[in-house]
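Quick one: structure below, then a few questions.
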Amino acid sequence: MATLVELIAKKRDGATHEPGEIRRLIEGLVAGELADYQMSAWLMAAFLRGLDTRETLELTDAMLESGSVLDLGDVPGVKVDKHSTGGVGDKVSICLAPIVAACGVPVPMVSGRGLGHTGGTLDKLEAIPGFRVDLTIDDFRRIVRELGTCLIGQTREIAPADKRIYALRDVTATVESIPLITASILSKKLAEGIDALVLDVKVGRGAFMKDLERARALARSLVDVASRGGKGVTALLTDMDHPLGLTIGNALETIEAIEVLRGGGPSDLVELTLELAAEMLVLGKVATDAADGRARAQQAIASGSAAELLRKLIAAQHGNPRVVDDPTLFARAPVILDLSAQRSGFVVDIDPLALGLAGVELGAGRTRAEQAVDPAVGLVLRATKGSRVSAGQPLIEIHARDQAAAARVTERVLGAFRIDDDAAARGPLVLEALRGSAAG
Ligand code: URA
């Protein structure tokens, strides 16, 4: 039998692993027989040489089986989750989970923290005073059963191999690999005990996949691997060449997601939430088709049932439910700096990556895993692509801890905007949909 070092050399040289070899590597990592530096070497080899579908399946299964699969058998209904590959201003999960649960489809959601320039649902939820994401699996199961949804972080039981591997990839420049992303996302999501999954695969400068072709390949890989065993899977490819909604930053984004549940919110955020909700309700067998799903989601907003569900969820997760009705209960940054248009014209471009990086620099995200985030800081857009602006009119607000922090990001934030004489409209939000065989 080949040694673990020989297995690393095999991938380094571009060969395909025999069945069982990738599992040995993952089991070796978990058992302490394979050191982090050896795993990192294999990850770089896999990044450069690629993994075929069978190898990706084996990696996903080995990572999934490094922990346990939650048994949600006592929760009635088809359990459906949503996962986004990560973007700038993406606060959809916070409004989507209560909407879908209010329509009768259980949503057990294990979410992540901010990663690089992209924000994370857990950091946003923790902007709610008292809100806890570190619940026990028993509490998670109970809250999903009682309320229809619960949002927690990855526990020790859920795909521990992914936690180790992800930390290595983050610091060895091996994140943007389609097979490695596929195994990482799905090992966590399939451990939730779900029956179906909707994937929001982001495309554009603010996403990990910058072009449509790579995003399509990632969506195909995710759908193929997740569809095994009859799970319903739908992937939507959605635009991330513009920030989503008007806010970037943890409290600011949570407030904006709550606005959607109260019948307001920016149109792109509302639109994406409804599209994803419709797909989840179809997979959850509550809606007959996407149009029916959309109507049900709109009704859950209009009737107030989704907002009421969020109040109950916040209380169950130890937070203050009054935030749903009173945004002043969120932390607010001490300094708000308005940046104005330097010329008149139309906003023809807003670079989401530049704004995401500015958000991190303000303290809304992390540059090292152990850092705490600042819930209050961030950015609020006052103009979007297509807006007509006059010189001196506000373009964006910087919410900062102090004047110096605001000044440090000013150039980067202003540089994200391009103003021109001719108007340019924003393209479609949902670019394509890909459905697994079990998704109909
Ligand atoms: N999100 C994950 O969970 N894993 C990846 O590899 C990329 C995005």
Side-chain angles (χ1 to χ4, degrees), residues 22 26 29 39-40 42-48 50-51 55-57 59-64 66-67 81-93 108-124 133 151-192 194 197-210 214-226 233 235-238 240 244 352-353 356 360 365-366 369:
I22 291 182
I26 301 303
L29 177 74
M39 190 72 224
S40 300
W42 182 83
L43 289 167
M44 184 57 84
F47 182 98
L48 295 172
L51 301 178
E55 292 176 301
T56 308
L57 283 173
L59 179 62
T60 308
D61 283 344
M63 285 163 62
L64 170 67
S66 69
D81 192 10
K82 185 268 323 184
H83 182 82
S84 156
T85 56
V88 176
D90 183 2
K91 65 281 289 175
V92 166
S93 293
M109 196 179 266
V110 176
S111 299
R113 299 215 173 259
L115 180 68
H117 66 280
T118 68
T121 301
L122 299 180
D123 295 326
K124 294 171 206 190
V133 296
L151 288 84
I152 58 165
Q154 190 172 1
T155 67
R156 255 178 305 153
E157 291 98 324
I158 297 174
D162 172 64
K163 211 169 179 165
R164 293 270 303 278
I165 290 173
Y166 201 90
L168 297 176
R169 286 170 59 214
D170 203 19
V171 292
T172 55
T174 50
V175 171
E176 294 93 344
S177 147
I178 288 173
L180 297 182
I181 293 176
T182 301
S184 167
I185 290 176
L186 294 182
S187 62
K188 289 187 286 268
K189 289 286 145 178
L190 300 179
E192 292 171 346
I194 48 173
L197 180 63
V198 173
L199 293 152
D200 180 0
V201 179
K202 300 281 187 204
V203 194
R205 288 167 296 173
F208 289 119
M209 297 293 129
K210 310 287 180 204
R214 295 255 313 147
R216 229 181 240 145
L218 175 60
R220 181 83 269 157
S221 169
L222 286 162
V223 169
D224 286 350
V225 173
V233 194
L236 297 185
L237 272 68
T238 74
M240 189 27 75
L244 185 65
L353 179 58
V360 173
R366 300 176 181 76

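FYI, side chains are in, hydrogens and waters are out, and symmetry mates aren't considered; it's all heavy atoms of this structure. Both ligands and their constituent atoms are indexed starting at 1 by order of listing. Remember, it's a predicted structure, so these values are computed and weren't measured experimentally.
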field: Polar side chain donor-acceptor pair, T182 to S221, under 3.5 angstrom
entry: yes
statement: For ligand 1, protein residues within the heavy-atom limit of under 4.0 Å are Y166, R169, I181, S184, I185, K188
field: Test item: L29 and M63 side chains (from C-beta on) under 4.5 Å apart, heavy atoms
entry: no
Can I get a per-line list of side-chain donor-acceptor pairs under 3.5 Å for residues 164-171, giving both atom names and the distance, sequence neighbours left out?
unit_1: R164; atom_1: NH2; unit_2: D36; atom_2: OD1; d: 3.0
unit_1: R169; atom_1: NE; unit_2: T174; atom_2: O; d: 3.0
unit_1: R169; atom_1: NH2; unit_2: V175; atom_2: O; d: 2.7

- prompt: What residues, two or more places apart in sequence or in another chain, satisfy salt bridge (Lys or Arg N to Asp or Glu O under 4.0 Å) together with R220?
  reply: D224
message: Less than 3.5 Å apart, any donor N or O on the side chain of K202 or S84 sitting next to an acceptor on the other?
response: no
message: Run the salt bridge (Lys or Arg N to Asp or Glu O under 4.0 Å) test against D81 and tell me which residues pass, sequence neighbours left out.
response: K189
